[in-house]
Amino acid sequence: MRSIDPRRLPKHFEAEVVEDKWDAAWQESGVYHYDPERSREETFVVDTPPPTASGSLHIGHVFSYSQADVVVRYKRMAGMNIFYPMGWDDNGLPTERRVQNYFHIRCDPNTPYEEGMTFEQASAKTRKKPAQLVSRPNFIEACYDLIREDERAFSETWHRLGLSVDWRQEYQTIDEHCRRTAQRSFRDLWDKGEVYTSDAPTMWDVDFQCAVAQAEVEDKDVPGAFHKIEFAIEGADASFVIATTRPELLAACVAVTAHPEDERFKPYFGKRAITPIFRAPVPIFPSEMADPEKGTGILMVCTFGDQTDVQWWREEGLPLRQIVGLQGRLRKIDFGEAPFESLDVAKANANYAELEGKNIKQAQAAIVEMLRDPAHSATGNGAPLQEEPEQISHAVKFFEKGDRPLELLPTRQWFCKLLDKKERLVAKGGEVQWHPPHMFARYKDWTENLSLDWCLSRQRYFGVPIPVWYPLDSEGEPDYDHPIVADADVMPIDPTTDVPPGYDAAQRGQANGFVGDPDIFDTWFTSSMTPQISSHWGADDARHAKLFPADMRPQGHDIIRTWAFYTIAKAMLHEDEVPWRNALISGWILDPDRKKMSKSKGNVTTPLPLIEKYGADAARYWAASARLGSDTAFDESVFKIGKRLVTKMFNAAKFVLSQEGDVHPITSELDRAFVARLKALVENSTENFEAYQYAHALQEIESFFWTHFTDTYLELAKVRARGCADGATGDDAAASGSAIASLRLGLSTLLRLLAPTLPYITEEIWSWAFAEDFGAPSVHGTSWPGAADFEGIEAPHDEKSFETAVAALAAINKAKADAEVSMGREVEALTLATDPTTLSTLGGVVSDVLAAARVAEHQLVADDALDAGTFAVQAIAFAPKPEKG
RNA sequence: AGACACGUAGCUCAGGGGUCUAGAGCACCGCCUUGACAUGGCGGGGGUCGGCGGUUCAAAUCCGCCCGUGUCUACCA
């Protein structure tokens, strides 16, 4: 048994020094390394969220990553072979935006590549000038440069926090391996017939010039107005008034519809309506989807105002009148040519000329003015605009990172089929164990309400290229119906530089040659493959079999509809599997006013200052105090409590491990009673950890540490433990040895129970003596406490011994507090009363109580009037206060 | 508009049919420098567990309705 000399330890626990020391030691010893030789059954695979490296690091990251690490560390101690990788999600729009701002550059695919081009952070001065245009490859190089720095910052924080990651498994979603995995995924989906290209109305962000998927769309309530506009009816002396929030789309009107049972409009079905201003004849048809209660009950169908317009356009075979361009401005059109019709072409063109080139907002203002002009009426009844527009607030779809509403524009995009398998997707999600279980409802709601296939292509630069070329016909036009999809064994490829089989480079862009698809994948297309990226799917079958599906996916609830959903979809599409067996959904950190932290609100808390102030263990303590799934208001005082716990452990350990004595079995009644409690705690904690209830486990362990260990057992056993050092012999030496052994068992057990949450302080203390005693150099590599630790220790004679000793000591302490003397004050004479049953229990532990309370003479009295288990100090006489010095 | 979660001390949170006469920490009050620890210890005050009803011998806990907060999904003429 190794004991320590407390004088050789620092007075206080120095977190920063210890954190550096142990982080380096852990990397050196490889205690976090995955062992590919061990079986699947013994292996626990974590599908770690790859943080968006270009995003700002905030306290929410520390929160959720620490929670995952606590579970991982438990599993490791429980004997599992941990596979715990770390990745960086660096491809995609967030990185592009950050690079654009940081260097003040813009990507221009038409600019030629410049070898060896370097960039510096833009100054305020250069920012005033227009952004520098750089070639696509130069832009991509700039992206790589910046993400390296961002990833280093994250990595340093992860090390500081003590995440037990196997850094040999690090990846970037833009690296060659991930590009290959994503492209292979595409190839597999192509072979299975699950992806297709189509030129169809798609949600389009006019600022980012990019297609957007349903998952990236956010509804925002914005002010708008109902405009009531009068239409004429061809060949009839009648008219009707439609209501629209988008009068600027009048030139794109292709039909008018109302409910089939609506008596007001029944006579008009089958006739044609004439639009004001442009005098375009459009069909009037009935539709169940029209709501007679809404607006005026009759509405114009445009290409395209919303998703319902798309549906009517498809079902009714309406013409496409595209007036909004990709930049969000009204295009040049000609009413003389199909599909634009007008009964008065000259007038229509003259009117449209006033709108052409305007953006949506400007066009709306302009057309409203035109609608006020009686000359533009389709009927001759006066101004087409009926009454003043009615101001309303309505939900409008925005790209989550966008500033202007999305437009539905026909563009060619790649899609993955999802709508035909919603039920299967829900069922697959149901096979995952969600923690907490109600998070499955989020997934289910989202999946059941899917209304669009997954749009995979993005008109961006920094991402995984879509591995596709198109043959060019004799006119030099791409044949989109016969794409050339790259073979899996040549991936990753870039179709803008690589050449498809059967062609040579000179044929690029030539008639009868080929052209590469310029687009990249939606970032989620790659990050939905994180389990397969780590398992080396398609590249190493044996490894894949051992690492897929993963056991645990930790993530936030905000990305259930994206990351969780797409990952489940991919695993199902590729191998009809779940991607992981357990999903641990962490909550959000809200600011103290319970508002979501966000950069724009300026209420983001950065983690490093907190870690420096309280220590990494305290930061982890804070994270581990919160249950899965529940949003938590940020409260710095929890860090303080964590730090206090760490300090207390340091001091308690110093005391326990500095007690010297021979090795003795645990025999004294109080010690046995304490061990019985400890054993129950271990069983309880194990159950909690197995159920991923780390917060509950921590709470019980911490509470035990204070109320059963340091505040009570340690105080009660202290004097007896020191017996050996004070020269005790015989039975006294044995009793002393029993106390020392029991204190050490208590400490070593509590250290192991707290090691997942507080890796630094526990490792530091473990290294003082237990590393040698247990033959385990790291507490994180030792085994989780269990029955073996308590073997051969007998149960206490009386199961109430422990609480009785504690209650007796507390009663004496209270008497001291009431008398306003110190707890250390000696008691010359004490009369202590309790009920007869408790009195007999007290017999087994009374010597420890009297020693702890420093009682010289005592008398014990049975009193039936007292409630069971309570003590009353009937008389107490204190020794004189010792002279100072 | 539907779904889910939450509502417990001034604050942050546990507890989720008898073990609760409702807990912890922070904050507050009083006292104590004792040989692990003043980055401490001992003691204390503080809550009709959102409201109303029901089930039960027994409800903070289960059920129903309502109110409030948050999130998700939907609505988008």
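Letters go in sequence order (proteins before strands), and every chain restarts at 1.
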What's the closest nucleotide to the side chain of [X] if the choices are [options]?
X	options	value
A:W706	B:A74, B:G41, B:G43	B:G41
A:K654	B:A36, B:A14, B:G43	B:A36
A:K643	B:A77, B:U39, B:U73	B:U39
A:T632	B:A77, B:U12, B:C26	B:U12
A:D818	B:G43, B:C26, B:A74	B:G43
A:N651	B:A36, B:A38, B:G43	B:A36
A:S630	B:A14, B:G44, B:C37	B:A14
A:H696	B:A77, B:G41, B:G15	B:G15
A:A290	B:G25, B:A77, B:A36	B:A77
A:K648	B:G2, B:U71, B:C37	B:C37

What's the [atom1]-[atom2] distance between [X] and [N], to the nearest Å?
X	N	atom1	atom2	result
A:M439	B:C4	CE	C1'	9 Å
A:F709	B:C37	CZ	P	15 Å
A:W434	B:C4	CH2	P	17 Å
A:K814	B:G43	NZ	C1'	6 Å
A:I560	B:U73	CD1	C1'	12 Å
A:F705	B:A36	CZ	P	15 Å
A:F13	B:C37	CZ	P	17 Å
A:Q214	B:C75	CD	P	9 Å

Is the shortest side-chain N/O distance from [X] to OP1 or OP2 of [N] below 4.0 Å?
X	N	value
A:H394	B:A77	yes
A:T245	B:A77	yes
A:R644	B:A24	no

With rounding to whole Å, what would you report as the distance between [N] and [M] at their [atom1] atoms?
N	M	atom1	value
B:U39	B:U21	P	39 Å
B:G54	B:U69	C1'	26 Å
B:A59	B:C52	P	15 Å
B:C13	B:A22	C1'	14 Å
B:G16	B:G7	C1'	14 Å
B:C72	B:U56	C1'	36 Å
B:C49	B:A60	C1'	4 Å
B:G43	B:C6	C1'	35 Å

Task: Side-chain donor/acceptor of A:D219 to base of B:C75, under 3.5 Å - done: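 Side chain to base: pair present.
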Classify the ring geometry between [X] and [Y] as parallel (under 30°), tilted (30 to 60°) or perpendicular (over 60°).
X	Y	answer
A:F240	A:F231	tilted
A:F704	A:F674	tilted
A:F63	A:W622	tilted

Using a heavy-atom cut-off of 4.0 Å across all strands, would you classify [X] as base, sugar-phosphate, or nothing?
X	value
A:A652	base
A:I298	nothing
A:D291	base

Task: Protein-to-nucleotide contact annotation, 5' to 3' order, nucleotides 30-35 of chain B [B base; S sugar-phosphate only; - none; under 4.0 Å, heavy atom] - done: SSSSSB
TODO: Between A:A811 and A:R442, just flag the one whose closest nucleotide in RNA chain B comes earlier from the 5' side.
DONE: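 Whichever sits nearer the 5' end wins; that is A:A811.
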Open item on the list: For A:D867 and A:R246, find the nucleotide of RNA chain B closest to each by heavy atoms; which residue's nucleotide sits nearer the 5' end?
Closed with: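 Closest to the 5' end, via its nearest nucleotide, is A:D867.
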Open item on the list: Give me the atom names and distance for the closest heavy-atom approach of A:G429 to A:Y443.
Closed with: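 Looks like CA-CE2, 3.6 Å.
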Open item on the list: Working to the nearest 0.5 angstrom, can you tell me the gap between A:F705 CZ and A:D711 CG?
Closed with: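 Between atom CZ of A:F705 and atom CG of A:D711 there are 9.0 Å.
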Between the side chain of [X] and the main-chain N/O of [Y], is any donor-acceptor distance below 3.5 Å?
X	Y	result
A:R744	A:V656	no
A:T632	A:S630	yes
A:K816	A:A853	yes

Task: Residue of the set A:L318, A:V256, A:T257, A:V254 for which side-chain contact (heavy atoms from CB on, under 4.5 Å) holds with A:P283 - done: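 Of the listed options, the one satisfying the test is A:L318.
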Task: Stepwise salt bridge (charged side-chain N to carboxylate O under 4.0 Å, His left out) check, A:E803 with A:K800 - done: CA-CA 6 Å; A:E803 64 200 73; A:K800 289 204 149 78; 5.0 Å; no
TODO: Go ahead and write out RNA chain B as dot-bracket, 5' to 3': ( ) for pairs within the strand, [ ] for ones crossing earlier pairs, | when the partner sits on another strand, dots for unpaired; Watson-Crick or G-U wobble, both distances under 3.5 Å.
DONE: ((((((((.[[[[.)..(....]]]].(((((.......))))).....[[[[[..)....]]]]])))))))....
TODO: Report the C-alpha separation of A:W768 and A:F650 in whole Å, then their side-chain angles, then the decisive distance to 0.1 Å, and conclude whether the ring-ring contact (aromatic ring centres under 6.0 Å, His included) test is met.
DONE: CA-CA 11 Å; A:W768 295 345; A:F650 179 81; 5.7 Å; yes
TODO: Decide yes or no on salt bridge (charged side-chain N to carboxylate O under 4.0 Å, His left out) for A:E407 and A:R246, but give the supporting numbers first.
DONE: CA-CA 12 Å; A:E407 293 296 332; A:R246 301 208 57 186; 3.0 Å; yes
